[in-house]
Amino acid sequence: MDFGSFETLAIETSGGVATVTVNRPEALNALSGKVVEELARVCEVLNQLGGTGTKPATGTGSAGDDGAWPVRGVILTGAGGKAFVAGADIREMTSMNAEQAEFYARSMHAVTLALEAVPVPVIACVDGFALGGGCELALAADFIYASERAQFGQPEVNLGLVPGFGGSVRLQRRVGLGMARELIYTARRIDAHEAHRLGLVNRVFPTREELLAAAAATIREIATKAPTAVALSKRSINQATGRPTAEGLDIEARTFRAAFGTQDMKEGTAAFVEKRTANFPGR
Ligand code: DAK
(Lines give C-alpha, C1' and ligand atoms only; values in the text may rest on other atoms or scores of the structure.)
Protein backbone atom coordinates (compact mmCIF):
# COMPACT_ATOMS: atom_id res chain seq x y z
CA MET A 1 0.00 0.00 0.00
CA ASP A 2 1.62 3.26 -1.11
CA PHE A 3 1.08 6.11 1.34
CA GLY A 4 3.52 8.54 -0.30
CA SER A 5 5.94 10.67 1.68
CA PHE A 6 5.30 12.97 4.60
CA GLU A 7 6.97 15.77 6.55
CA THR A 8 5.17 15.37 9.85
CA LEU A 9 4.12 11.72 9.89
CA ALA A 10 6.06 8.47 9.90
CA ILE A 11 4.32 5.46 8.43
CA GLU A 12 5.38 1.88 8.69
CA THR A 13 3.53 -1.19 7.50
CA SER A 14 4.31 -4.65 8.76
CA GLY A 15 2.30 -7.86 8.71
CA GLY A 16 -0.96 -6.08 7.88
CA VAL A 17 -0.51 -3.44 10.61
CA ALA A 18 0.01 0.17 9.53
CA THR A 19 1.56 2.35 12.21
CA VAL A 20 0.94 6.05 11.69
CA THR A 21 3.11 8.18 13.98
CA VAL A 22 2.66 11.92 14.37
CA ASN A 23 6.27 12.99 14.25
CA ARG A 24 6.82 16.50 15.64
CA PRO A 25 8.36 15.66 19.02
CA GLU A 26 9.85 19.18 19.31
CA ALA A 27 6.27 20.51 19.62
CA LEU A 28 4.91 17.47 21.47
CA ASN A 29 3.32 16.38 18.18
CA ALA A 30 0.90 19.33 18.17
CA LEU A 31 -1.54 19.36 15.29
CA SER A 32 -0.16 21.95 12.89
CA GLY A 33 -2.00 22.59 9.63
CA LYS A 34 0.59 20.36 7.93
CA VAL A 35 -0.14 17.45 10.30
CA VAL A 36 -3.86 17.81 9.64
CA GLU A 37 -3.30 17.92 5.86
CA GLU A 38 -1.07 14.84 5.99
CA LEU A 39 -3.46 12.90 8.22
CA ALA A 40 -6.17 13.63 5.64
CA ARG A 41 -3.96 12.13 2.91
CA VAL A 42 -3.30 9.00 4.95
CA CYS A 43 -7.01 8.55 5.61
CA GLU A 44 -7.72 8.91 1.89
CA VAL A 45 -5.35 6.01 1.15
CA LEU A 46 -6.71 3.89 4.02
CA ASN A 47 -10.26 4.46 2.80
CA GLN A 48 -9.35 2.61 -0.41
CA LEU A 49 -9.01 -0.64 1.58
CA GLY A 50 -11.47 -3.30 0.52
CA GLY A 51 -11.28 -2.06 -3.04
CA THR A 52 -14.24 0.25 -3.00
CA GLY A 53 -13.40 3.22 -0.83
CA THR A 54 -16.17 3.62 1.70
CA LYS A 55 -18.18 0.56 0.62
CA PRO A 56 -16.21 -2.34 2.06
CA ALA A 57 -18.97 -4.91 1.67
CA THR A 58 -18.44 -5.19 -2.06
CA GLY A 59 -14.64 -5.13 -2.13
CA THR A 60 -13.18 -7.16 -4.95
CA GLY A 61 -9.80 -8.39 -3.78
CA SER A 62 -8.88 -11.15 -1.40
CA ALA A 63 -7.79 -10.87 2.19
CA GLY A 64 -4.09 -11.06 2.95
CA ASP A 65 -0.98 -9.16 2.02
CA ASP A 66 -1.54 -8.89 -1.71
CA GLY A 67 -5.32 -8.56 -1.85
CA ALA A 68 -7.72 -5.69 -1.27
CA TRP A 69 -6.85 -5.74 2.43
CA PRO A 70 -3.07 -5.25 2.63
CA VAL A 71 -3.69 -3.46 5.92
CA ARG A 72 -5.97 -5.06 8.53
CA GLY A 73 -5.64 -2.43 11.22
CA VAL A 74 -4.02 0.89 12.03
CA ILE A 75 -2.06 2.01 15.07
CA LEU A 76 -2.13 5.77 15.55
CA THR A 77 0.54 7.10 17.88
CA GLY A 78 2.93 9.95 18.61
CA ALA A 79 6.73 10.15 18.41
CA GLY A 80 9.20 11.08 21.12
CA GLY A 81 7.83 9.23 24.13
CA LYS A 82 6.43 12.34 25.81
CA ALA A 83 3.20 12.96 23.96
CA PHE A 84 0.61 11.32 21.78
CA VAL A 85 -0.50 14.78 20.61
CA ALA A 86 -0.46 17.86 22.90
CA GLY A 87 -3.38 19.45 21.08
CA ALA A 88 -3.85 21.97 18.36
CA ASP A 89 -0.69 23.89 17.53
CA ILE A 90 -1.16 26.88 19.83
CA ARG A 91 1.68 28.90 18.28
CA GLU A 92 0.30 28.47 14.77
CA MET A 93 -3.21 29.30 16.01
CA THR A 94 -2.18 32.70 17.35
CA SER A 95 -1.50 33.96 13.82
CA MET A 96 -4.75 32.68 12.30
CA ASN A 97 -7.61 34.93 11.30
CA ALA A 98 -11.21 33.76 11.76
CA GLU A 99 -11.43 32.41 8.23
CA GLN A 100 -8.24 30.35 8.61
CA ALA A 101 -9.45 29.12 12.02
CA GLU A 102 -12.67 27.86 10.47
CA PHE A 103 -10.74 26.16 7.65
CA TYR A 104 -8.44 24.53 10.23
CA ALA A 105 -11.38 23.30 12.33
CA ARG A 106 -13.26 21.97 9.31
CA SER A 107 -10.15 20.20 7.98
CA MET A 108 -9.68 18.49 11.33
CA HIS A 109 -13.36 17.55 11.51
CA ALA A 110 -12.93 15.95 8.08
CA VAL A 111 -9.90 14.01 9.35
CA THR A 112 -11.80 12.62 12.34
CA LEU A 113 -14.72 11.60 10.12
CA ALA A 114 -12.35 10.02 7.58
CA LEU A 115 -10.62 8.09 10.38
CA GLU A 116 -13.98 6.78 11.55
CA ALA A 117 -14.74 5.72 7.97
CA VAL A 118 -11.52 3.70 7.54
CA PRO A 119 -12.85 0.16 6.99
CA VAL A 120 -10.35 -1.48 9.36
CA PRO A 121 -9.93 -0.89 13.10
CA VAL A 122 -7.88 2.11 14.18
CA ILE A 123 -6.32 1.88 17.65
CA ALA A 124 -4.96 5.04 19.24
CA CYS A 125 -1.89 4.16 21.31
CA VAL A 126 -1.42 6.97 23.81
CA ASP A 127 2.00 7.21 25.48
CA GLY A 128 2.22 10.63 27.18
CA PHE A 129 -0.02 13.66 26.72
CA ALA A 130 -3.28 13.45 24.76
CA LEU A 131 -4.63 16.93 25.34
CA GLY A 132 -7.28 18.98 23.58
CA GLY A 133 -7.13 18.13 19.89
CA GLY A 134 -4.92 15.17 20.82
CA CYS A 135 -7.60 13.65 23.02
CA GLU A 136 -10.14 14.41 20.29
CA LEU A 137 -7.98 12.71 17.66
CA ALA A 138 -7.70 9.62 19.88
CA LEU A 139 -11.48 9.64 20.35
CA ALA A 140 -11.92 9.35 16.58
CA ALA A 141 -10.06 6.02 16.65
CA ASP A 142 -12.09 2.87 17.31
CA PHE A 143 -10.64 2.56 20.77
CA ILE A 144 -7.72 3.68 22.85
CA TYR A 145 -4.88 1.76 24.51
CA ALA A 146 -2.58 3.69 26.84
CA SER A 147 0.74 3.39 28.60
CA GLU A 148 1.15 4.20 32.30
CA ARG A 149 2.55 7.58 31.22
CA ALA A 150 -0.60 8.65 29.39
CA GLN A 151 -2.47 11.76 30.45
CA PHE A 152 -5.74 12.90 28.96
CA GLY A 153 -7.54 16.22 29.13
CA GLN A 154 -9.54 18.88 27.35
CA PRO A 155 -7.70 22.04 28.48
CA GLU A 156 -9.37 24.39 25.97
CA VAL A 157 -11.07 26.55 28.62
CA ASN A 158 -7.61 27.41 29.97
CA LEU A 159 -7.00 29.12 26.64
CA GLY A 160 -10.40 30.75 26.32
CA LEU A 161 -11.35 28.10 23.77
CA VAL A 162 -13.85 25.29 23.60
CA PRO A 163 -13.23 21.76 22.29
CA GLY A 164 -13.02 22.27 18.54
CA PHE A 165 -12.25 18.88 17.04
CA GLY A 166 -15.27 16.92 18.15
CA GLY A 167 -14.62 16.69 21.91
CA SER A 168 -18.01 18.05 22.88
CA VAL A 169 -19.62 15.28 20.81
CA ARG A 170 -17.37 12.23 21.15
CA LEU A 171 -16.18 12.56 24.76
CA GLN A 172 -19.69 12.42 26.22
CA ARG A 173 -20.45 9.35 24.14
CA ARG A 174 -17.38 7.61 25.58
CA VAL A 175 -17.49 8.63 29.24
CA GLY A 176 -21.07 9.87 29.75
CA LEU A 177 -22.48 13.36 29.86
CA GLY A 178 -21.74 14.25 33.48
CA MET A 179 -18.09 13.21 33.31
CA ALA A 180 -17.54 14.88 29.92
CA ARG A 181 -18.95 18.11 31.36
CA GLU A 182 -16.67 17.90 34.37
CA LEU A 183 -13.56 17.19 32.30
CA ILE A 184 -14.29 20.00 29.84
CA TYR A 185 -15.34 22.65 32.39
CA THR A 186 -12.41 21.97 34.77
CA ALA A 187 -9.76 21.21 32.11
CA ARG A 188 -8.54 18.63 34.62
CA ARG A 189 -5.94 16.14 33.40
CA ILE A 190 -6.50 12.48 34.18
CA ASP A 191 -3.99 9.65 34.17
CA ALA A 192 -4.22 6.37 32.29
CA HIS A 193 -5.86 4.46 35.16
CA GLU A 194 -8.58 7.03 35.70
CA ALA A 195 -9.15 7.13 31.94
CA HIS A 196 -9.45 3.35 32.06
CA ARG A 197 -11.99 3.46 34.90
CA LEU A 198 -14.05 5.99 32.93
CA GLY A 199 -14.08 3.83 29.79
CA LEU A 200 -12.03 6.31 27.78
CA VAL A 201 -9.19 3.79 27.56
CA ASN A 202 -9.68 0.06 26.96
CA ARG A 203 -6.38 -1.20 28.35
CA VAL A 204 -3.29 0.18 30.14
CA PHE A 205 0.27 -1.15 29.69
CA PRO A 206 3.45 -0.50 31.72
CA THR A 207 5.63 0.49 28.75
CA ARG A 208 5.37 1.90 25.24
CA GLU A 209 6.76 -1.35 23.82
CA GLU A 210 4.04 -3.41 25.52
CA LEU A 211 1.43 -0.89 24.42
CA LEU A 212 2.39 -1.11 20.74
CA ALA A 213 2.85 -4.88 20.86
CA ALA A 214 -0.61 -5.36 22.39
CA ALA A 215 -2.25 -3.15 19.77
CA ALA A 216 -0.52 -5.09 16.98
CA ALA A 217 -1.63 -8.37 18.60
CA THR A 218 -5.24 -7.15 18.73
CA ILE A 219 -5.08 -6.23 15.05
CA ARG A 220 -3.62 -9.64 14.18
CA GLU A 221 -6.45 -11.29 16.14
CA ILE A 222 -9.03 -9.23 14.24
CA ALA A 223 -7.24 -10.12 10.99
CA THR A 224 -8.31 -13.74 11.44
CA LYS A 225 -11.94 -12.63 11.07
CA ALA A 226 -13.89 -11.78 7.92
CA PRO A 227 -12.63 -8.40 6.66
CA THR A 228 -16.00 -7.36 5.26
CA ALA A 229 -17.78 -8.30 8.48
CA VAL A 230 -15.37 -6.25 10.57
CA ALA A 231 -15.72 -3.30 8.18
CA LEU A 232 -19.51 -3.55 8.17
CA SER A 233 -19.63 -3.85 11.95
CA LYS A 234 -17.55 -0.71 12.25
CA ARG A 235 -19.78 1.18 9.83
CA SER A 236 -22.92 0.01 11.58
CA ILE A 237 -21.65 1.01 15.03
CA ASN A 238 -20.57 4.43 13.78
CA GLN A 239 -23.83 5.09 11.96
CA ALA A 240 -25.95 3.96 14.90
CA THR A 241 -24.02 5.95 17.52
CA GLY A 242 -26.15 8.69 19.03
CA ARG A 243 -29.32 7.74 17.17
CA PRO A 244 -32.60 6.60 18.73
CA THR A 245 -32.74 2.82 19.30
CA ALA A 246 -35.23 2.16 16.50
CA GLU A 247 -33.08 4.01 13.96
CA GLY A 248 -29.98 2.18 15.17
CA LEU A 249 -31.74 -1.15 14.79
CA ASP A 250 -32.80 -0.22 11.29
CA ILE A 251 -29.17 0.53 10.40
CA GLU A 252 -28.18 -2.81 11.93
CA ALA A 253 -30.81 -4.69 9.92
CA ARG A 254 -29.59 -3.11 6.67
CA THR A 255 -25.99 -3.90 7.55
CA PHE A 256 -26.95 -7.48 8.38
CA ARG A 257 -28.52 -7.74 4.94
CA ALA A 258 -25.34 -6.37 3.33
CA ALA A 259 -23.28 -9.01 5.16
CA PHE A 260 -25.50 -11.68 3.63
CA GLY A 261 -24.35 -10.58 0.17
CA THR A 262 -20.68 -11.25 0.88
CA GLN A 263 -18.49 -14.19 -0.08
CA ASP A 264 -17.02 -13.90 3.42
CA MET A 265 -20.39 -14.81 4.93
CA LYS A 266 -20.77 -17.78 2.57
CA GLU A 267 -17.25 -18.98 3.42
CA GLY A 268 -17.60 -18.38 7.16
CA THR A 269 -20.86 -20.26 7.51
CA ALA A 270 -19.72 -23.08 5.18
CA ALA A 271 -16.49 -23.49 7.16
CA PHE A 272 -18.47 -23.77 10.39
CA VAL A 273 -20.74 -26.48 8.97
CA GLU A 274 -17.78 -28.35 7.46
CA LYS A 275 -15.82 -28.06 10.73
CA ARG A 276 -12.81 -26.35 9.15
CA THR A 277 -11.05 -23.00 9.44
CA ALA A 278 -12.53 -20.30 7.22
CA ASN A 279 -10.43 -18.86 4.46
CA PHE A 280 -12.10 -15.50 3.94
CA PRO A 281 -11.83 -14.05 0.43
CA GLY A 282 -12.34 -10.51 1.76
CA ARG A 283 -15.28 -9.57 -0.43
N1 DAK B 1 1.14 23.68 20.46
C2 DAK B 1 2.36 24.11 20.10
N3 DAK B 1 3.48 23.80 20.77
C4 DAK B 1 3.35 23.04 21.87
C5 DAK B 1 2.10 22.57 22.31
C6 DAK B 1 0.94 22.91 21.54
N7 DAK B 1 -0.28 22.45 21.85
N8 DAK B 1 2.29 21.84 23.44
C9 DAK B 1 3.62 21.87 23.68
N10 DAK B 1 4.26 22.59 22.73
C11 DAK B 1 5.68 22.87 22.65
C12 DAK B 1 6.10 23.84 23.73
O13 DAK B 1 5.84 25.17 23.33
C14 DAK B 1 7.58 23.54 23.84
O15 DAK B 1 8.25 24.16 22.75
P16 DAK B 1 9.64 24.98 22.99
O17 DAK B 1 9.31 26.04 23.99
O18 DAK B 1 10.58 23.94 23.51
O19 DAK B 1 9.99 25.50 21.62
C20 DAK B 1 7.65 22.05 23.60
O21 DAK B 1 6.43 21.71 22.93
C22 DAK B 1 7.71 21.25 24.88
O23 DAK B 1 6.64 21.67 25.71
P24 DAK B 1 6.85 22.14 27.23
O25 DAK B 1 8.20 22.72 27.43
O26 DAK B 1 5.67 22.95 27.60
O27 DAK B 1 6.80 20.72 27.98
P28 DAK B 1 6.35 20.44 29.45
O29 DAK B 1 6.71 19.02 29.74
O30 DAK B 1 6.84 21.48 30.40
O31 DAK B 1 4.74 20.55 29.42
C32 DAK B 1 2.54 20.15 28.51
C33 DAK B 1 4.00 19.65 28.65
C34 DAK B 1 1.81 19.23 27.56
C35 DAK B 1 1.87 20.09 29.88
C36 DAK B 1 2.57 21.61 28.02
O37 DAK B 1 3.41 21.67 26.87
C38 DAK B 1 1.21 22.11 27.64
O39 DAK B 1 0.42 22.49 28.51
N40 DAK B 1 0.95 22.16 26.33
C41 DAK B 1 -0.27 22.72 25.83
C42 DAK B 1 -1.41 21.77 26.03
C43 DAK B 1 -2.65 22.40 25.46
O44 DAK B 1 -3.18 23.32 26.08
N45 DAK B 1 -2.99 21.96 24.27
C46 DAK B 1 -3.95 22.66 23.45
C47 DAK B 1 -5.31 22.33 23.87
S48 DAK B 1 -6.42 23.33 22.99
C49 DAK B 1 -10.08 25.11 16.78
C50 DAK B 1 -10.43 23.83 16.99
C51 DAK B 1 -9.78 23.09 17.91
C52 DAK B 1 -8.81 23.59 18.70
C53 DAK B 1 -8.45 24.88 18.49
C54 DAK B 1 -9.08 25.65 17.55
N55 DAK B 1 -10.74 25.89 15.86
C56 DAK B 1 -12.18 25.89 15.78
C57 DAK B 1 -9.98 26.79 15.05
C58 DAK B 1 -8.17 22.77 19.67
C59 DAK B 1 -7.52 23.33 20.67
C60 DAK B 1 -6.68 22.56 21.56
O61 DAK B 1 -6.22 21.48 21.28
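Numbering of ligands and ligand atoms starts at 1, following listing order. Just the heavy atoms: all of them, side chains too, but no hydrogens, waters or symmetry mates, feed the values below. In this chain, residues are counted from 1 in sequence order.
In summary, the side chains of Thr8 and Glu38 do present a donor paired with an acceptor at a separation below 3.5 Å, with no hydrogens or angles considered. Side chains of Asp127 and Ser147: a donor on one and an acceptor on the other come within 3.5 Å. Using a 3.5 Å distance cut-off with no hydrogens or angles, the side chains of Thr228 and Asp264 do pair a donor with an acceptor. If you check the side chains of Thr207 and Arg149, you find no donor sitting under 3.5 Å from an acceptor.
Polar contact with ligand 1: present for Lys82 (N/O pair, distance under 3.5 Å). No N or O atom of Pro155 sits closer than 3.5 Å to an N or O atom of ligand 1. Close N/O approach between Gly133 and ligand 1 is found [any backbone or side-chain N/O within under 3.5 Å]. Any N or O atom pair closer than 3.5 Å counts here, and Val162 shares no such pair with ligand 1. Not one N or O of Tyr104 is nearer than 3.5 Å to an N or O of ligand 1, by distance alone.
Between Glu267 and Arg283 there is no salt bridge, since none of the side-chain N atoms of the basic residue sits less than 4.0 Å from a carboxylate O of the acidic one. One finds a salt bridge joining Arg188 and Glu194 here, because a Lys/Arg side-chain nitrogen approaches an Asp/Glu carboxylate oxygen to under 4.0 Å. A salt bridge does not link Arg203 to Glu210: none of the charged side-chain nitrogens sits closer than 4.0 Å to a carboxylate oxygen. A salt bridge does not link Glu44 with Arg41: none of the charged nitrogens is closer than 4.0 Å to a carboxylate oxygen.
Ala86 O, 3.5 Å is the protein heavy atom nearest to atom 42 (C) of ligand 1. Looking from atom 57 (C) of ligand 1 to the surrounding protein, the closest heavy atom is Ala101 O, 3.1 Å. Scanning the protein heavy atoms around atom 55 (N) of ligand 1, the nearest turns out to be Ala105 CB, 3.7 Å. Among protein heavy atoms, the minimum distance from atom 41 (C) of ligand 1 is reached at Ile90 CD1, 3.9 Å. In terms of protein heavy-atom proximity, atom 53 (C) of ligand 1 is closest to Met93 SD, 3.3 Å. In terms of protein heavy-atom proximity, atom 5 (C) of ligand 1 is closest to Ala27 O, 4.0 Å.
Remark: atom 48 (S) of ligand 1 lies closer than 4.0 Å to at least one protein heavy atom. For atom 31 (O) of ligand 1, the nearest protein heavy atom lies 4.0 Å away or farther. Under the 4.0 Å distance rule, the nearest protein heavy atom to atom 38 (C) of ligand 1 falls outside the cut-off. Distance remark: protein heavy atom present below 4.0 angstrom from atom 28 (P) of ligand 1. Within the 4.0 Å cut-off (strictly below), no protein heavy atom is located near atom 25 (O) of ligand 1.
Remark: the backbone N or O of Val162 is not paired with any side-chain donor or acceptor of Glu156 at under 3.5 angstrom. Put simply, the side chain of Asp142 never gets that close to the backbone of Pro121: no donor and acceptor are under 3.5 Å apart.
The Glu26 neighbourhood of ligand 1 comprises atoms 15 (O), 20 (C), 21 (O), with distances under 4.0 Å to a heavy atom of that residue. For ligand 1, the atoms closer than 4.0 angstrom to any heavy atom of Gly132 are 47 (C), 61 (O). Ligand-side atoms of ligand 1 in range of Gly164: 50 (C), 51 (C), range being under 4.0 angstrom from any heavy atom.
Contacts with ligand 1 closer than 4.0 Å are made by no heavy atom of Met108, backbone or side chain. Heavy atoms from both the backbone and the side chain of Ala88 come within less than 4.0 Å of ligand 1.
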- Message: Go through it in stages, so that I can follow the logic: the residues are Leu183 and Leu171, the test is side-chain contact (heavy atoms from CB on, under 4.5 Å), and I'd like the CA-CA distance, side-chain angles, deciding distance and then a yes or no.
- Response: CA-CA 9 Å; Leu183 290 174; Leu171 186 61; 4.3 Å; yes

- Under the salt bridge (charged side-chain N to carboxylate O under 4.0 Å, His left out) rule, what do Glu252 and Arg257 come out as? Steps first, then yes or no, please. CA-CA 9 Å; Glu252 187 181 83; Arg257 179 189 175 132; over 6 Å; no

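Relative to atom 16 (P) of ligand 1, the option among Arg91, Glu92, Arg189, Arg24 with the closest non-hydrogen atom is Arg91. The heavy atom nearest to atom 9 (C) of ligand 1, considering only Leu131, Leu28, Asn158, Asp89, is found in Leu28.
Counting all heavy atoms, side chain and backbone alike, Ala130 lies closest to Phe84 at CB-CD2, 4.0 Å.
Between Tyr145 and Phe205, the ring center distance clears the sub-6.0 Å criterion.
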